[in-house]
Amino acid sequence: MSRWKGLPAELDPRVRQLVVRLRRLKDHSGLSARQLAAKTGYSTSSWERYLGGRSLPPREAVEAMARIVGEDPTRLLALHEVAAEAWTERRGGVSGGRAGHVVESVPRPRPRRSARPWIRTRTAVVVGAVALVLAVSTTVLLAVRLDRDGGEKQAAPSATPSWSMLSPTPSEPSYTCRPRRIDGLWYGGNSRTKEAVLAKGLVGPDVAEAQCLLRRAGYAPGVVDGIYGPLTERAVKQVQRKVGLVVDGIIGPHTWEALRG
């Protein structure tokens, strides 16, 4: 079992997710820090900073690690791009940082067509909404003009479009919490994962599953809402402390094993 030091408390969840993923890849590869340095071309001390959350690894370093461990670099580079944005936001885009938190010179990622598809989707929705408003306004003006010219009167539609039609509000997901034991393992009814890496700031059914199992074990993660907040992180640390794991508040394979066992 790998004994990693806890990551800095102030580390952004988006950067934390990248670091946790890099740690897992290193563990699975069985490489030492020195061997990793020899294969990637980045020094041992650099990798210690990268994997300790004290410095953001360059894009090329992340790509090199993916290559040597046989991992598809696409998802890893996507995590790096998000982490790089978070790193820049936290430090105002200035290199140097505070003492103990070195900011590497990170080349700007090359733009990719599929990097932010949500921008195109949002633009399409806005354009569609504007077109609908213009169409309604044109119909109203036409009706008024026909009325003034003595033409056939028409009932003018409401000039105010229905917001529920333009931007429907999705219902919030609801999660269950009905723990039951299957083949010697506990499940809460939201997810069957044993490998997902979860950290503060993440949301989804995997988080709800962890919250349910924490509650079953007698800890207090707060409401089972699928949001990894401070109460959930505190409960996770209590479990890790009890079973002898690294107390970092991050749920990985070993913490899942403790929750499901």
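Positions are given from 1 along the sequence. Given the structure is predicted, the values throughout are model-derived calculations rather than measurements.
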Could you point out which residue of Arg49, Met65, Glu60 forms a side chain to side chain contact (heavy atoms under 4.5 Å, CB included) with Tyr42?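 Going through Arg49, Met65, Glu60 one by one, the side chain to side chain contact (heavy atoms under 4.5 Å, CB included) with Tyr42 is satisfied by Glu60 alone.
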With disulfide (SG to SG under 2.5 Å) as the rule and sequence neighbours excluded, what pairs involving residues 203-246 come up? Cys177-Cys212
Partner set under side-chain hydrogen bond (donor to acceptor under 3.5 Å, both in side chains) for Ser45, not counting sequence neighbours: Ser43
So does [Y] get a backbone contact from the side chain of [X], meaning a donor-acceptor N/O pair under 3.5 Å?
{"X": "Gln240", "Y": "Gly249", "value": "yes"}
{"X": "Lys200", "Y": "Pro230", "value": "no"}
{"X": "Gln35", "Y": "Ser32", "value": "yes"}

Counting neighbours of CZ on Arg180 that are heavy atoms of other residues, nucleotides or ligands and sit closer than 6.0 Å, is the number greater than 12? no
Sequence neighbours left out, what passes salt bridge (charged side-chain N to carboxylate O under 4.0 Å, His left out) with Arg23? Give chain and number order. none
By salt bridge (charged side-chain N to carboxylate O under 4.0 Å, His left out) - contacts of Asp12 (at least two apart):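 For Asp12, the residues satisfying salt bridge (charged side-chain N to carboxylate O under 4.0 Å, His left out) (neighbours in sequence not counted) are Arg14, Arg90.
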Does any part of the side chain of [Y], heavy atoms only, come nearer than 4.5 Å to the side chain of [X], both counted from C-beta?
{"X": "Arg16", "Y": "Ile250", "value": "yes"}
{"X": "Ile68", "Y": "Leu36", "value": "yes"}
{"X": "Val197", "Y": "Ile251", "value": "no"}
{"X": "Trp47", "Y": "Thr40", "value": "yes"}
{"X": "Arg59", "Y": "Glu81", "value": "no"}

Same cluster or not: [X] versus [Y], using hydrophobic residues (I, L, V, M, F, W, Y) connected whenever any side-chain heavy atoms lie under 4.5 Å apart?
{"X": "Val20", "Y": "Trp87", "result": "yes"}
{"X": "Leu76", "Y": "Val69", "result": "yes"}
{"X": "Val236", "Y": "Leu11", "result": "no"}

Test side-chain contact (heavy atoms from CB on, under 4.5 Å) on Leu56 and Tyr50; report intermediate values, then the result. CA-CA 6 Å; Leu56 183 70; Tyr50 302 156; over 6 Å; no
Rounded to the nearest 0.5 Å, what's the gap from [atom1] on [X] to [atom2] on [Y]? Could you check?
{"X": "Lys242", "Y": "Gln238", "atom1": "NZ", "atom2": "CD", "result": "10.5 Å"}
{"X": "Arg192", "Y": "Leu185", "atom1": "CZ", "atom2": "CG", "result": "9.0 Å"}
{"X": "Glu85", "Y": "His80", "atom1": "CD", "atom2": "NE2", "result": "11.0 Å"}
{"X": "Leu198", "Y": "Thr255", "atom1": "CG", "atom2": "OG1", "result": "9.5 Å"}

On a heavy-atom basis, which atom in [X] and which in [Y] lie closest, and how many Å separate them?
{"X": "Pro57", "Y": "Leu18", "value": "CG-CD2, 4.4 Å"}
{"X": "Ala208", "Y": "Val224", "value": "O-CG1, 3.6 Å"}
{"X": "Ala258", "Y": "Val239", "value": "CB-CG1, 4.3 Å"}
{"X": "Val246", "Y": "Gly6", "value": "CG1-N, 4.3 Å"}
{"X": "Gly52", "Y": "Pro8", "value": "O-CD, 3.4 Å"}
{"X": "Leu202", "Y": "Val207", "value": "O-CG2, 3.9 Å"}

Listed once per pair and sorted, the ring pair (Phe, Tyr, Trp, His ring centres under 6.0 Å) pairs that draw on residues 175-217, sequence neighbours left out: none
Intermediate values then yes/no, side-chain contact (heavy atoms from CB on, under 4.5 Å), Val15 and Val82: CA-CA 8 Å; Val15 181; Val82 173; over 6 Å; no
Evaluation steps, side-chain contact (heavy atoms from CB on, under 4.5 Å), between Lys39 and Arg67: CA-CA 10 Å; Lys39 289 179 176 291; Arg67 184 178 63 254; over 6 Å; no
Could you check Leu22 against Leu51 for side-chain contact (heavy atoms from CB on, under 4.5 Å), going step by step and ending with a plain yes or no? CA-CA 7 Å; Leu22 293 175; Leu51 298 177; 3.7 Å; yes
Going by an N to O cut-off under 4.0 Å, is there a salt bridge joining Glu71 and Arg21? yes
Inter- and intrachain pairs under side-chain hydrogen bond (donor to acceptor under 3.5 Å, both in side chains), touching residues 201-219, at least two apart: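 Every pair satisfying side-chain hydrogen bond (donor to acceptor under 3.5 Å, both in side chains) with a residue in residues 201-219: Ser191-Asp206, Glu209-Arg260, Gln211-Asp225, Gln211-Thr232.
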